[in-house]
Amino acid sequence: MQLARVIGDVVATQKDPNFDGIKLLLVQPIGADGKDVGRPLVAVDSVGAGVAETIFFVRGKEASFPWYPTEVPADAGIVGIVDSYHVPQR
Amino acid sequence: MQLARVIGDVVATQKDPNFDGIKLLLVQPIGADGKDVGRPLVAVDSVGAGVAETIFFVRGKEASFPWYPTEVPADAGIVGIVDSYHVPQR
Amino acid sequence: MQLARVIGDVVATQKDPNFDGIKLLLVQPIGADGKDVGRPLVAVDSVGAGVAETIFFVRGKEASFPWYPTEVPADAGIVGIVDSYHVPQR
Amino acid sequence: MQLARVIGDVVATQKDPNFDGIKLLLVQPIGADGKDVGRPLVAVDSVGAGVAETIFFVRGKEASFPWYPTEVPADAGIVGIVDSYHVPQR
Amino acid sequence: MQLARVIGDVVATQKDPNFDGIKLLLVQPIGADGKDVGRPLVAVDSVGAGVAETIFFVRGKEASFPWYPTEVPADAGIVGIVDSYHVPQR
């Protein structure tokens with residue numbers, strides 16, 4: 001999974017009906033140092049994440065598991081909110 | 001899912017027959033600032049997107065879900081048209 | 001799917017037997033401007049593509065669908081030959 | 001699979017319940033020369049890896065196989081600890 | 001699939017038991033010109049590849065097909081040894 005920071009949300013009226021009622025968040029992948037890496041993604045959220053929180057998200061079909069058996073056509077889903085991570089210095 | 005702008009369409013006569021009747025659009029991934037990032041892709045469209053619209057698309061097998069049980073050999077599909085997204089400034 | 005140009009073919013005697021009789025082509029991904037982007041890939045071909053043609057290919061398991069139920073261990077497959085694509089200028 | 005070094009661990013209270021009891025490690029992909037390449041990832045661990053160890057991890061759905069039939073929504077999983085690797089000089 | 005050169009092998013005692021008896025090789029992706037591109041990967045091998053050989057490997061679940069029904073948690077597998085490839089000059 002990838003570390004990211006929630007940076008916003010996305011409003012879309014015209015979309016696949018399987019997204020109805022699902023929160024769409026904009027997440028910016030980050031490195032272990034908290035700095036942005038790569039481009040932001042639109043992710044579905046099942047854990048109640050909010051803007052500015054550090055989260056980790058899963059890519060691929062697994063993103064839609066929380067809504068099973070609804071076939072949500074998602075490839076990125078927030079699956080955890082990071083309390084802290086610990087990187088010992090060598 | 002990834003943000004992108006629809007930049008054109010693709011005409012292909014000789015193709016996998018499961019694409020018949022499906023619109024093939026050229027989409028350019030963009031960042032949260034609307035700028036191009038990376039290379040354009042050919043995506044199938046099930047939500048009625050048009051050139052110049054900002055959309056988000058899904059990668060992988062999920063791209064073909066709207067045509068199930070037809071096995072469309074697609075790995076990128078437009079699943080929503082973005083009305084707006086909101087990125088609060090920190 | 002990704003735009004690419006067929007740049008050659010690959011000869012392999014010692015290979016997974018499920019590739020027997022399947023054409024293996026070398027494809028170079030391109031941008032909307034026709035310029036090379038990224039590294040070439042080996043793709044299976046079910047649509048009769050030839051060297052110098054512009055095609056689009058699918059990544060992932062979908063690449064092997066045309067040979068179903070044979071389980072071809074492919075992750076890139078040519079699924080269409082591009083006649084033209086149209087990118088209106090903004 | 002990709003070579004990586006375990007650089008830390010991740011604490012997350014609010015997460016998908018299918019992660020309960022599963023160790024979440026931060027892994028930094030490395031090249032054959034041991035140098036960092038690309039961004040770190042959060043991976044599940046089923047082989048008892050610890051910080052500073054060189055491991056290889058698998059991406060995609062396979063990451064969750066060790067917990068089957070629990071549907072762990074993971075896309076990166078440590079599947080081996082590297083004792084050594086040998087790169088003959090040409 | 002991707003072109004690569006086998007550059008070494010990997011020894012791992014502590015690993016997912018489904019890897020038992022399977023050769024783990026280190027492969028370096030290459031371009032059509034034979035030059036290294038990107039980082040090396042650990043791949044399973046079912047075709048008898050050896051160090052210095054040019055091969056092509058498949059990514060994703062397909063990597064484990066040769067061992068079916070054993071669920072090998074692999075995402076990269078060598079599926080062919082390249083005898084030659086031909087890139088006509090334009």
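In this text, all values refer to a predicted model and were calculated from it rather than measured experimentally. In what follows, every chain begins at residue 1, and chains take the letters A, B, ... in the order their sequences are listed.
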Is any side-chain heavy atom of [Y] closer than 4.5 Å to one of [X]?
{"X": "E/Val10", "Y": "D/Met1", "answer": "no"}
{"X": "D/Val58", "Y": "E/Asp16", "answer": "no"}
{"X": "D/Tyr85", "Y": "E/Val42", "answer": "no"}
{"X": "D/Glu62", "Y": "E/Val72", "answer": "no"}

Between D/Ala32 and E/Pro40, which heavy-atom pair has the shortest distance, and what is it?
-> N-CG, 3.5 Å
Taking every non-hydrogen atom, the tightest pair across E/Gly8 and D/Pro88 | CA-CD, 4.1 Å
Measure the CZ-CG distance between D/Phe56 and E/Leu41 for me, rounded to the nearest 0.5 Å.
-> 12.5 Å
First locate atom CZ of E/Arg39, then atom CD of D/Gln2, and finally report the distance between them rounded to the nearest 0.5 Å.
-> 4.0 Å
Backbone N or O of D/Val47 within a donor-acceptor pair of the E/Gln14 side chain at under 3.5 Å?
-> yes
Relative to chain D, which of E/Ala74, E/Ala43, E/Gly60 shows the most heavy atom pairs under 4.5 Å?
-> E/Ala74
